[in-house]
There are 2 protein chains.
Amino acid sequence: MALKQSGKADIVDVARAAKVSASTVSRCFNHPELVNPATRKKIERAIAKLGYIRNRAAQAMHGKRSGTIGLIVPTINHAIFAEVVQSFSDSVEQAGFTILMTSHGYDLDREYDVLRKLLEHRVDGIALIGLAHSEKTYTLIEQQEVPCVAIWNHDAASRVSCVGAENFAAGRMAAEHIAGLGHRRVGMIFPQTDGNDRAQGRLDGAWAVLDEIGVEVPEAWQMESPYSIAQAKEAVAELLSSADVPTALICGNDVIAQGAVYACLKLGVRVPEDLSVVGIGNFKGSLEMEPGLTTVHIPAQDIGRIAGEQMVAAVAAETSETVRVRCDLDLIVRETTRGFA
Amino acid sequence: MALKQSGKADIVDVARAAKVSASTVSRCFNHPELVNPATRKKIERAIAKLGYIRNRAAQAMHGKRSGTIGLIVPTINHAIFAEVVQSFSDSVEQAGFTILMTSHGYDLDREYDVLRKLLEHRVDGIALIGLAHSEKTYTLIEQQEVPCVAIWNHDAASRVSCVGAENFAAGRMAAEHIAGLGHRRVGMIFPQTDGNDRAQGRLDGAWAVLDEIGVEVPEAWQMESPYSIAQAKEAVAELLSSADVPTALICGNDVIAQGAVYACLKLGVRVPEDLSVVGIGNFKGSLEMEPGLTTVHIPAQDIGRIAGEQMVAAVAAETSETVRVRCDLDLIVRETTRGFA
DNA sequence: CGGTTTTATGAAAACATTTGCAATACTATT
DNA sequence: AATAGTATTGCAAATGTTTTCATAAAACCG
């Protein structure tokens, strides 16, 4: 009986090589204190020799944890998600979990499909971005009783646990800053709000402020732009080329704001002298750009980390109470806004 | 015998509910053409009613595919990886796989550990970034005979399949452009090259050109900066504040280049009149920034997609021949470089 | 209508592991 | 030295699914 060479060794091969039973090898991994140090050494040697790697799938069959956390994001290809995903993943990896990640490209039906897929893999928990999900998605999560945390938004009435900031408040903050500086001719440029509760919340928050103080925004100054510097730059350039131009611009996020500032640079519109620009997010790069972007800081790193901690706690606890953590926002005034007399 | 309500239904529960055997239910998933449409309907109804979700772990035990691809990245929190990861992941998801993703923070020992972990989960394939990995890592991959593709670098002598560009060539291209413009007073700013073969290759390529034409670079003009706009900005600002200043700057990547341009904007150094800046990567944002960044385009999206296709082909084929795909680079001249008389 | 194919289904073995229970060997106590 | 207790190990059952093989029912054909 020849030794198997390539990575096909299983637990009984190891057992044979170490001249013990499979149970003992198993115990060696899961309850090492129960096995004699001498035996353990033999087994470890056999494992190394055969290049044995235990099979998590077989463990998972015993109702044991799979050791994976499912993470569903709209896309990773955005600075902001990259940051939150990174800190979330660091946080859960520290507890020994691995991330199973999928993206759905802002399509809520696809979100449901990938969720099912993650559940097939018996993830120990599910993390989602935002709180806008289809009814099917929510029902499935509840029915499967899998620990779940929504990252990015806070809502006191959320259907699942959540860790994040209030987008409405973020929108308010940006608008209040602009209004407080005396601006009354205000433009807005936001991403599409369908299936994107983050953008929707921010937009509503901004409107709330403007309505309060009776500022009207002409149609032409209400712009929509995807999450893309290029497209935001283009949209804003068009606005700035028209005869009637606002004195301030509220942007749905920092990427759009960055595009707006570039449009100004290109057209020779001075920021902030001619146009004040405020973003939301405080992404990497917003600090360093010239001029430094005034923005509402969303603590992406904290959110990711806390969400991760919350996730492992929920998985460990087996209890399924809904936890909601609100992370604070900060207005960061840099060089792209200034008072309007 | 009460129906189980919550997600604990297994295949025999479904079988019972549909009054068939477990085998038939299984077939219904895996070889639907073999089961009578009427029976299939009954089964589907039972599945829906019980909220059954099949257990991938149990499937994986049968030597079947796990349906997951392991992806190991240094970090996702960088524009450039985000882009390549996104397109890789789209590409393999299209073929029905899910990504198991982990990061190691540029620590090759940790890379080995997470690789083991992915193998425990019986991933069907492994994707890595770059070709610089520890001996242990390579041995493990070979020994386990798991399909593997290295993303980002091309090397004709690579130990595993690879899809990417030649970083040496990228460095050459950037340097040739600068040299071709007549610059002889050249500074360089690159990331640390330990355990980062991408940066190393680019740096070597740039040096090759400079050596050929006999350009010497003073110590003070050879800078190191992490992948951070802020830190690059700072480093370059310091350089520009000294008495002796180069006329051109070769940057190891676009993020560093962006920091360099910002440093110039801040200090009133005109780009490109006073200083030419060239980057490598052509990240999102390099086109739109003002002035537009001259850079070497690395087709991240293509690389990710092709790597994904290569991965699923390798998993399907069972054959383990090493495939190497070289993706072409392009010099993109924008507004940050110009001739030096 | 009897034989032959085809189609549809079930029974049971197999997959790699964990774990409860039982058995054995060893140590301490009296 | 006998007893009780403890430390260590093995056996066998269990986990949820797939698959091979066998069987039964239906369809076809002359």
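Reminder, nothing fancy here: chain letters follow the sequence lines and each chain counts from 1. Predicted model, so just to flag it, every value in this text is computed and none were measured.
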List the steps and the verdict of salt bridge (charged side-chain N to carboxylate O under 4.0 Å, His left out) for R110(A) and E93(B).
-> CA-CA 11 Å; R110(A) 248 197 103 204; E93(B) 273 170 26; 3.1 Å; yes
Minimum heavy-atom distance F97(B)-K117(A), with the two atoms named | N-NZ, 4.1 Å
Of the nucleotides dG16(D), dT9(C), dT9(D), which one has an atom closest to the side chain of N36(B)?
-> dT9(C)
The correct set of residues in residues 19-34 of chain A placing a heavy atom under 4.0 Å from DNA chain C is S23(A), S26(A), R27(A), N30(A), H31(A)
Out of dT17(D), dT9(C), dT17(C), whichever nucleotide has its closest atom nearest the side chain of T39(B) | dT9(C)
Can you tell me if the side-chain N/O atoms of K64(B) get under 4.0 Å from OP1 or OP2 in dT19(D)?
-> yes
Round to a whole Å and report the spacing from NZ of K42(A) to P of dT8(D).
-> 13 Å
Going through the checks in order, is the salt bridge (charged side-chain N to carboxylate O under 4.0 Å, His left out) test met by R27(B) and E33(B)?
-> CA-CA 9 Å; R27(B) 253 187 299 260; E33(B) 73 283 1; over 6 Å; no
Is it the case that more than 12 heavy atoms not belonging to E321(A) sit under 6.0 Å from its CD atom?
-> no
Specify the closest pair of heavy atoms between R116(B) and Y52(A), including all atoms of both residues, with the distance to one decimal.
-> NH2-O, 3.3 Å
Does Q59(A) have a side-chain nitrogen or oxygen under 4.0 Å from the phosphate oxygens OP1 or OP2 of dT18(C)?
-> yes
Between R122(A) (CZ) and dT15(D) (C1'), how many Å, whole number?
-> 12 Å
Tell me: OH of Y52(B) to P of dG16(D), nearest whole Å?
-> 10 Å
Answer yes or no: are there more than 12 heavy-atom neighbours, outside E309(A) itself, under 6.0 Å from its atom CD?
-> yes
Can you check the R40(B) CZ to dA8(C) C1' distance for me, whole Å?
-> 12 Å
Compare the minimum distances between each of dC15(C), dT9(D), dT17(C) and the side chain of H62(B), then state the nucleotide with the smallest one.
-> dC15(C)
In whole Å, what is the span from the CG atom of D13(A) to the P atom of dA16(C)?
-> 9 Å
Would you mind reading off the bend of the helix from dC1(C)-dG30(D) to dT30(C)-dA1(D) from its two end axes, five pairs each, to 10 degrees?
-> 30°
Would you list the pairs meeting ring pair (Phe, Tyr, Trp, His ring centres under 6.0 Å) in which at least one residue belongs to residues 101-122 of chain A, sequence neighbours left out?
-> none
Check whether any side-chain heavy atom of S89(A) lies under 4.5 Å from a side-chain heavy atom of L71(A), and answer yes or no.
-> no
Take the protein atom CE of M61(A) and the nucleotide atom C1' of dT18(D), then report the distance between them rounded to whole Å.
-> 11 Å
Nearest whole angstrom, please: distance from the P of dC15(C) to the CD1 of I11(A).
-> 15 Å
Distance only, no hydrogens: is a donor on one side chain within 3.5 Å (strictly under) of an acceptor on the other, for S23(B) and S26(B)?
-> no
Rounded to whole Å, CD of E120(B) lies from C1' of dA16(C) at a distance of 13 Å
